[in-house]
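Counting from 1, the numbers follow the sequence of the chain as shown. Counting convention: from 1, in listed order, for ligands and their atoms alike.
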Amino acid sequence: MYAGKLCLAPMVRAGELPTRLLALKHGCDLVWSPEIIDKKLIKTERSINTQLKSVDYTLENGTVVFRTVPTLEQGKLVFQMGSADPQLAVQAALKVVQDVDGIDLNAGCPKHFSIHSGMGAALLSTPDLLCSILTQLVEKVGTPHDKPISVKIRLLPERTDTLSLVRRLCTTGVKNITVHCRTREMRNREHPIRDYLLDIYNICHQNDVSLIINGMIKDRSHFNTLRDTLSLPSDVGAMIAEAAEANPTVFHEREPIKQWWDVMNQYIDIAMTYDNNFGNTKYMLSRIIPGKSPMFQYVARCKDYDQLKYVQKCINIEDGTVLEDPSPFLAQNSNKNNSKQKKKKRPLDDTTTNKNKKDEGDGTQPKKLKP
Ligand SMILES: Cc1cc2nc3c(=O)[nH]c(=O)nc-3n(C[C@H](O)[C@H](O)[C@H](O)COP(=O)(O)O)c2cc1C
């Protein structure tokens, strides 16, 4: 399933349904969900959303934790889980397995929220636990449901330690290992270490496990060049995060990568079609639209989809120039909105503007949105 594929990386906040659908529309082979913690998924209720033709996993308070559209994602969707407990991992995976094509364990996230509870990159320091979670997932979920289990890791500081870890991981029954070619201490702006990928590949290959490489890959042609330069065979796949967050059309084989205004336009249409959380839509648009464009501030001032729809029409989709300044409309509607909001409580399905939410990216800071 994974061999040679170019994938959308798991990204908290950025990897929600609209980004995944846009990436798939533009040549992405496989998409990863954002990391979802086992305990959180276990608390959700699964339901079929007949209006959107989606399957939703929703908390009691109405928060949609995970939404997938089987007709568009089937065969291409890997669910990423955060866990530090084999039993919880199995329980969570069993809950979602029927709606996804593979289950991936995050063993690479270096953020405090993940490592303080022993998850993410902390698992690299507890290889017994890491392997036990994977073995349990393979035996109790992967094999009985005929779905592959995979893991995403970072490099360890020493090459020999990384190779030993990869050897051990290959014995757990996982079908794929994704290697983020940076160590736990390295930030995303630092250049990835790619010197011994061929050694990692050889170990994986001997064990019939596929390898996906990750770290500062810009687009499909960059991936093809990189594979040649590193003398990696064609069954090595790759995963793109930051470049795809800014532009989910970077996966195209033949067509040129779309311009930001085209991406923005397509993203808004998909987000509205699938009733994406508005705060999340604004977050993604702040990644897609360059900060220097007036559109960035116009979108930042939108308070709901009606306003966003108006702003969307103010841009020339041929060249990204602004056709009309929406400020008067936004000012007028924000007054209406304010008085409406005084009467109305904050919506419960606000997953991204939740005040507990931190930047869960991998060493990146979101651009500041002015109120
Ligand atoms: C916004 C954001 C959110 C991320 N969330 C996750 C995550 O949920 N799970 C994970 O394994 N990695 C996560 N990462 C790390 C990426 O998957 C990837 O490993 C890293 O960004 C390096 O790839 P890149 O150089 O192409 O950005 C996240 C990265 C970003 C930028």
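- In Glu242, the parts holding a heavy atom less than 4.0 Å from any atom of ligand 1 are both the side chain and the backbone.
- Taking distance alone, with nitrogen or oxygen atoms compared against 3.5 Å, Ala241 approaches ligand 1 more closely than that limit.
- Between Lys147 and Val141, every side-chain heavy-atom pair lies at or beyond the 4.5 Å cut-off.
- Geometrically, Arg220 does not engage Phe251 in a cation-pi contact, judged by NZ or CZ lying under 6.0 Å from the ring centre and within 45° of the ring axis.
- Using a 4.0 Å cut-off to heavy atoms of Met216, the atoms of ligand 1 that qualify are 24 (P), 25 (O), 26 (O).
- Looking at Ile213, Asn214, Asn106 and measuring to atom 19 (O) of ligand 1, the nearest heavy atom belongs to Asn214.
- Taking every non-hydrogen atom of Asn188 and a distance limit under 4.0 Å, the qualifying atoms of ligand 1 come out as 20 (C), 21 (O), 22 (C), 27 (O).
- Using a 4.0 Å cut-off between heavy atoms, Arg182 contacts ligand 1 through its side chain alone, with no backbone atom that close.
- Partner of Thr162 under the side chain to side chain contact (heavy atoms under 4.5 Å, CB included) criterion, chosen from Ile193, Thr183, Leu156, Leu124: Leu156.
- At under 3.5 Å, not a single nitrogen or oxygen of Glu245, backbone or side chain, sits near a nitrogen or oxygen of ligand 1.
- Of the possible donor and acceptor atoms, none in the side chain of Ser54 sits under 3.5 Å from a partner among the backbone N and O of Arg67.
- Considering backbone and side-chain N/O of Ile217, none are found under 3.5 Å from N/O of ligand 1.
- Checking each of Tyr305, Phe329, Tyr298 against Tyr310 for a ring-ring contact (aromatic ring centres under 6.0 Å, His included) leaves exactly one that passes, namely Phe329.
- Of the heavy atoms in His180, only side-chain atoms (C-beta onward) come closer than 4.0 Å to ligand 1.
- Residue nearest to atom 14 (N) of ligand 1, selected from Pro10, Ala244, Cys109, Gly15: Pro10 (by heavy-atom distance).
- The shortest side-chain heavy-atom distance between Pro192 and Met186 does not fall under the 4.5 Å cut-off.
- Between Trp32 and Tyr2, the ring planes are tilted. Angles from 30° to 60° get that label.
- Within the 4.5 Å cutoff, the side chain of Ile153 has heavy atoms near those of the Val166 side chain.
- Of all the listed residues (Arg13, Gln80, Lys152, Glu35), Lys152 holds the heavy atom that lies closest to atom 12 (N) of ligand 1.
- Considering backbone and side-chain N/O of Ala14, none are found under 3.5 Å from N/O of ligand 1.
- The residues Glu255 and Lys258 are annotated as salt-bridged, a charged nitrogen and a carboxylate oxygen being separated by less than 4.0 angstrom.
- Close contacts between ligand 1 and Ala9 involve ligand atoms 17 (O) [criterion: under 4.0 Å to a heavy atom].
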